[in-house]
Amino acid sequence: MRRNSLPPGTTLSPHCRLKPHERLKTPMAEPKTNAERQPEDASSSQLEAVRRDKLRRLREMGVDPWGGRFDDRLLIGAITARAGEVKFQQEDGSQVEVPPLVKHEGLDPKTGRATTQWMVEEAAGEAPVAFRDWVTKLGAGEFHGPKVRAAGRVVLQRDKGKLLFLDIQDWSGRIQLFVGRDQVGPENWELIRCIDLGDIVGVDGELRRTRLGELSIFADRLHILTKSMVPPPEKHHGLTDPELRQRMRYLDLTYGEGVLERFRNRTKIVESIRGTLSRAGFCEVEGPTLHSIAGGAAARPFITHHNTLDMQLFLRIALELHLKRLLVGGMERVYELGRVYRNEGISPRHNPEFTMLEAYQAFGDYRTMMDLTERLIVEAIEATGGKSRVTWGDAVIDFTPPFARRTYDELIAEHAGVDPRDAVAVAAEASRLGFVPAGKHPDVVKNFVFEQRVEERLQGPVFVIDYPASICPLTKRKRENPEIAERFELYIRGMEIANAYTELNDPDLQEELFKTQLAGLPEEDSMARMDTDFVRALRHGMPPAGGLGVGIDRLVMLLTGAPSIRDVILFPLLRTEIA
RNA sequence: GCCCCCUUAGCUCAAUUGGCAGAGCAACUGACUCUUAAUCAGUAGGUCGUUGGUUCGACUCCAACAGGGGGCACCA
C-alpha cells in the first residue's frame with residue numbers, strides 16, 4: 001500500500017489521495033443541472049453521517065474500525081456442526097442432552113411475516129413440544145457448550161435494550177450471537193453500540209442454546225473487524241433490480257439468496273472438469289488471447305492494437321487453432337479452459353466474453369469426445385452434490401447417461417416434417433420460414449431449417465450427430481460418405497452446450513475449405529479466415545484427433561438452475577454507469 | 001441495429017380519472033437481559049431516471065435521451 005511507502009511519521013489524509021497538480025487539473029465544476037449534480041441526496045448522506053459518527057466514536061475508544069488479522073476462528077458451518085456438544089446442565093450437575101429439534105416455520109397472519117419456532121420431538125408418535133416448555137420442565141440450570149471464535153458480517157440485528165441479538169454470516173453459514181451488556185462488560189458494550197448492519201465482526205464466546213432453542217454464540221467479547229459505511233439492502237428481499245445485482249455483485253453475493261452458493265458451485269464445476277480431464281491424461285495449456293487472425297469459429301471479433309508492433313490484433317473468438325498446433329507438436333491430449341470474446345449480441349444466453357473449454361485428443365474421433373462429454377457433465381453434477389435429474393425453470397433435465405444420440409437428418413424429418421434428402425422440399429420449408437434460399441448452398445438452407453424448427457425443441461440432453469459437411473469446414477468427413485461431417489453438438493433445453501468434431505488434418509483440404517469459405521461469404525460471417533500459418537502447421541502432420549468445445553457458462557446455468565447467463569458470470573458486461 | 005416493457009426514499013414496493021407523494025425494512029430518539037423478518041411509542045428521510053413539451057395544474061399524457069429487462073437479428 002501507498003501508506004507504507006511514505007517516510008516514517010508522515011500521514012496521508014484520505015482527502016489528499018491526489019497529488020496537488022492532479023487536484024488542480026480537476027477543479028470542481030459548479031453543478032448547473034440535475035444531470036451534473038452528484039446524487040448525494042440528503043437521505044443517503046444522512047445515513048452515512050450516522051455511520052461516520054460511529055466510526056469516530058470507535059476511534060476515540062482507541063478501536064481500529066478496519067480491524068486486522070483475526071486468527072483461530074472457526075467457520076460458522078463448523079460451529080453449527082458442533083451443536084450436539086451443547087448440553088443442559090442442571091443444578092445438581094447432571095447433564096441433559098438436547099433431543100432432536102424441528103424448526104417450525106409459519107406466517108404471522110397479522111404482518112404476513114415469517115415466524116420460526118423450535119420444537120422438541122421427545123418420542124416418535126408424540127406431538128412435538130415447544131422448546132421453551134421442554135426447558136422449563138428441566139427446572140433450574142443452564143446450557144453449556146464449547147468455547148468458540150467466529151467472524152462474519154452482521155446481517156440481522158434485534159436490539160432488546162441491554163441485550164442484543166446479532167445474526168452473523170460467513171461463507172459457510174449463519175449463526176446468532178447473544179450479546180448481553182453485563183456479560184461483555186461496559187467497555188465492550190460501548191463498542192457494541194457502534195455496530196451496524198453490514199459490519200464485519202468477530203466474536204469470542206460459548207456455544208449454547210437460548211431458551212427458545214436457537215443455537216447461539218453467547219458472546220464474552222465482540223470485536224469490530226470492519227465498519228460498513230453504507231446501509232445494506234432490505235433484509236428480507238435483498239436486491240431485486242438486476243442492474244444493481246450485477247453492478248454491485250458483492251451485495252448480491254452477501255444478501256441474495258443462493259447467489260454465493262451458485263458461484264461456488266460454478267467453481268466446483270470448473271474444478272471438476274479440470275479433474276476429469278486430468279484423470280483422462282489431458283494437459284492444460286494457456287494459448288494466446290491476442291490473435292493476429294481471429295479464427296476457429298464464425299464470430300465477429302473485438303479489434304485491438306499493439307502500439308510498439310503497430311499491429312492490429314483481435315481478441316480470440318476460439319481456442320481451436322492453437323490447440324491443434326499443439327497436437328502437431330506432440331501434445332497428444334491437450335485442453336484449455338478460458339475466456340473467449342465475441343463482438344456480438346447480448347441475451348440471456350450470450351455474454352460478449354464467456355468461458356470455453358476446448359479439448360483435443362490425438363487418435364480419437366468425435367465419438368471419443370462424446371464419451372468424454374458425458375463424463376465431464378456427470379462428474380460435474382456429482383461435484384456440486386447434485387443428482388442426475390436437475391431442475392431448470394419449470395422443467396427437469398435428466399442427465400442420466402448415456403445421452404440420446406440422434407442424427408441431424410432424423411431430427412429434421414421428425415421436427416420439421418421435411419425429407420432432409422429432398423433439397424427442393426427443404427428449400428420450400430426454408431422459404432416458408434422467411435429464408436431466401438436462392439444462391440445459397442443447399443446445406444446452408446437445410447441448416448436454417450434446422451435452427452428454426454429443430455433447435456428449440458431439443459430439450460435434451462441429446463447429441464445431434466452427422467452434420468452436413470459443407471457447414472463444418474474444420475471437420476473430417478465420413479469415409480463412407482463425404483457429404484457428412486463427423487461432428488456432434490450437444491443440445492440441452494434448446495441451447496447448444498457442446499460441439500465436437502473429428503478434426504480435419506488434411507492440409508490441402510483445409511486450405512481449400514478456407515478459400516471456399518472466404519469466396520462465398522462476407523468477411524465477418526466467415527467460419528474460417530485464411531490462416532496460412534495454421535495450414536503450414538498441418539502440413540507437418542497433425543495426428544487424427546477428436547476435438548471438443550463446451551460452453552462452460554451455459555453448462556453452469558443448467559446445473560445451477562440459472563435462467564440467465566448473467567446469473568453465472570460474476571461481472572457481466574454492462575454499459576459504464578453515468579456519474 | 002429493430003420492437004415491447006421497466007425506472008417513485010438507502011433497499012423492497014404502492015399511489016384511483018391529470019388535482020397536497022404513501023407504506024414496510026433500514027436509520028434516529030425512547031422502553032425492554034432469551035429475541036429470532038423481535039415488539040411498542042415517536043422522529044427524520046423525495047427535483048417521482050434526465051431534459052423538453054401539452055395543461056390552470058403532470059409521478060400520471062406526449063417526445064427525446066440515459067440505464068436496465070425481454071424478444072428479434074447475430075451467435076455459442
Side-chain angles (χ1 to χ4, degrees), chain A residues 33-37 39 41-51 53 103 105 107-108 111-118 131-132 135 142-143 155-167 174 176-183 196-198 208-214 216 218 230-248 251 255 297-300 317-318 340 342-352 354-356 434 451 455 489-491 495-499 524-525 549-555 563-566 574-578:
Chain A
T33 67
N34 288 331
E36 285 165 20
R37 188 193 294 174
D41 49 275
S43 177
S44 68
S45 57
Q46 186 186 359
L47 291 169
E48 186 174 329
V50 170
R51 288 176 179 239
D53 186 56
K103 196 174 205 169
E105 289 178 319
L107 281 181
D108 186 319
T111 59
R113 293 174 179 178
T115 57
T116 56
Q117 190 181 12
W118 286 104
F131 188 90
R132 186 204 292 266
V135 174
E142 270 192 341
F143 286 102
V155 291
L156 231 50
Q157 138 186 80
R158 292 173 290 280
D159 187 349
K160 286 267 300 174
K162 300 184 194 67
L163 188 61
L164 178 66
F165 294 93
L166 297 175
D167 284 8
R174 194 184 271 210
Q176 173 173 276
L177 308 187
F178 179 107
V179 187
R181 187 188 66 175
D182 298 342
Q183 287 84 343
D196 286 306
L197 283 176
R208 297 195 210 167
R209 284 191 184 274
T210 64
R211 277 179 215 151
L212 292 188
E214 186 73 28
S216 310
F218 282 64
V230 186
E234 211 268 351
K235 66 186 180 187
H236 182 52
H237 300 94
L239 286 182
T240 59
D241 181 342
E243 178 178 357
L244 289 181
R245 290 182 52 205
Q246 290 164 41
R247 286 198 197 278
M248 300 201 269
L251 291 180
Y255 300 102
R300 296 183 196 202
I317 58 170
V340 297
R342 299 190 180 178
N343 203 342
E344 281 158 356
I346 295 176
S347 86
R349 290 163 299 282
H350 299 84
N351 193 60
F354 63 101
T355 301
M356 178 105 119
E451 284 169 1
E455 273 189 4
E489 288 203 58
L490 175 65
Y491 279 91
M495 274 194 293
E496 193 186 326
I497 301 299
N499 188 3
E524 66 257 26
D525 295 336
V550 179
I552 298 299
D553 312 270
R554 289 181 173 180
L555 180 64
S564 166
I565 200 166
R566 292 189 288 275
L574 291 171
R575 286 179 205 268
T576 48
E577 201 172 9
I578 44 168

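All chains are named by letter (A, B, ...) in the order of the sequence lines, taking the proteins before the strands, and each is independently numbered beginning at 1.
With B/A37, B/U12, B/U35 as the choices, the nucleotide that has an atom nearest any side-chain atom of A/Arg113 turns out to be B/A37. Side-chain proximity of A/Lys160 to the nucleotides B/C34, B/G10, B/A37 is greatest for B/C34. When the nucleotides B/A26, B/G71, B/U35 are ranked by their closest atom to the side chain of A/Phe165, B/U35 comes out on top. With distances taken from any side-chain atom of A/Pro233 to the nucleotides B/G10, B/C11, B/U35, the minimum falls on B/C11.
Counting distance only, with no hydrogens placed and no angle test, the side-chain atoms of A/Glu243 and the base atoms of B/U7 include no donor-acceptor pair under 3.5 Å. Counting distance only, with no hydrogens placed and no angle test, the side-chain atoms of A/Gln183 and the base atoms of B/U33 include a donor-acceptor pair under 3.5 Å.
Rounded to an integer number of Å, the gap from A/Leu197 CG to B/A27 P is 5 Å. Nucleotide B/G71 holds its P atom 13 Å from the CD1 atom of A/Ile565, rounded to whole Å. Rounding to whole angstrom units, CG of residue A/Leu47 and P of B/G45 are separated by 12 Å. If you take OH of A/Tyr255 and C1' of B/A26, they are 11 Å apart, rounded to a whole angstrom. Atom CZ of A/Phe218 is separated from atom P of B/C34 by 11 Å (rounded to the nearest Å). Nucleotide B/C34 holds its C1' atom 11 Å from the CZ atom of A/Arg158, rounded to whole Å. If you take CD of A/Glu455 and P of B/C72, they are 12 Å apart, rounded to a whole angstrom.
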Criterion side-chain contact (heavy atoms from CB on, under 4.5 Å) on A/Leu574 and A/Arg247, from CA distance to verdict: CA-CA 8 Å; A/Leu574 291 171; A/Arg247 286 198 197 278; 3.4 Å; yes
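For B/C56 and B/C61, the C1' atoms lie 16 Å apart once the distance is rounded to whole Å. Nucleotides B/U43 and B/C25 place their P atoms 15 Å apart, quoted to the nearest Å. Going from the C1' atom of B/A23 to that of B/A9 covers 11 Å, rounded to whole Å.
An OP1 or OP2 oxygen of B/A38 is reached within less than 4.0 angstrom by a side-chain nitrogen or oxygen of A/Lys235. Distances shorter than 4.0 Å separate some side-chain N or O of A/Arg575 from OP1 or OP2 on B/G67. Contact between the side-chain N/O atoms of A/Arg566 and the OP1/OP2 oxygens of B/G69 is found at a separation under 4.0 Å. Listed pair A/Thr240 / B/U12 meets the phosphate criterion, a side-chain N or O lying under 4.0 Å from OP1 or OP2.
Contacts of A/Arg132 with the nucleic acid, taken as non-hydrogen atoms under 4.0 Å apart, involve only primed sugar atoms and P, OP1 or OP2. Looking at heavy-atom distances under 4.0 Å, A/Gln157 makes contact with sugar-phosphate atoms alone, never a base. Among the atoms of the strands shown, only primed sugar atoms or phosphate atoms (P, OP1, OP2) are found under 4.0 Å from some heavy atom of A/Thr115. Nucleic acid contact for A/Arg247: sugar-phosphate only, since backbone atoms but no base atoms lie under 4.0 Å from a heavy atom of the residue.
In this structure, A/Phe354 counts as stacked on the base of B/A76 under the 5.5 Å centre distance and 30° plane angle limits.
Note: A/Phe178 and A/Phe165 have perpendicular aromatic rings, judged against thresholds of 30 and 60 degrees for the angle between ring planes.
Shown here for A/Leu251 and A/Leu239, the closest heavy-atom pair between the two residues is CB-CD1, 3.8 Å.
B/U50 is paired with B/A64 under the Watson-Crick or G-U wobble criterion, all donor-acceptor distances under 3.5 Å.
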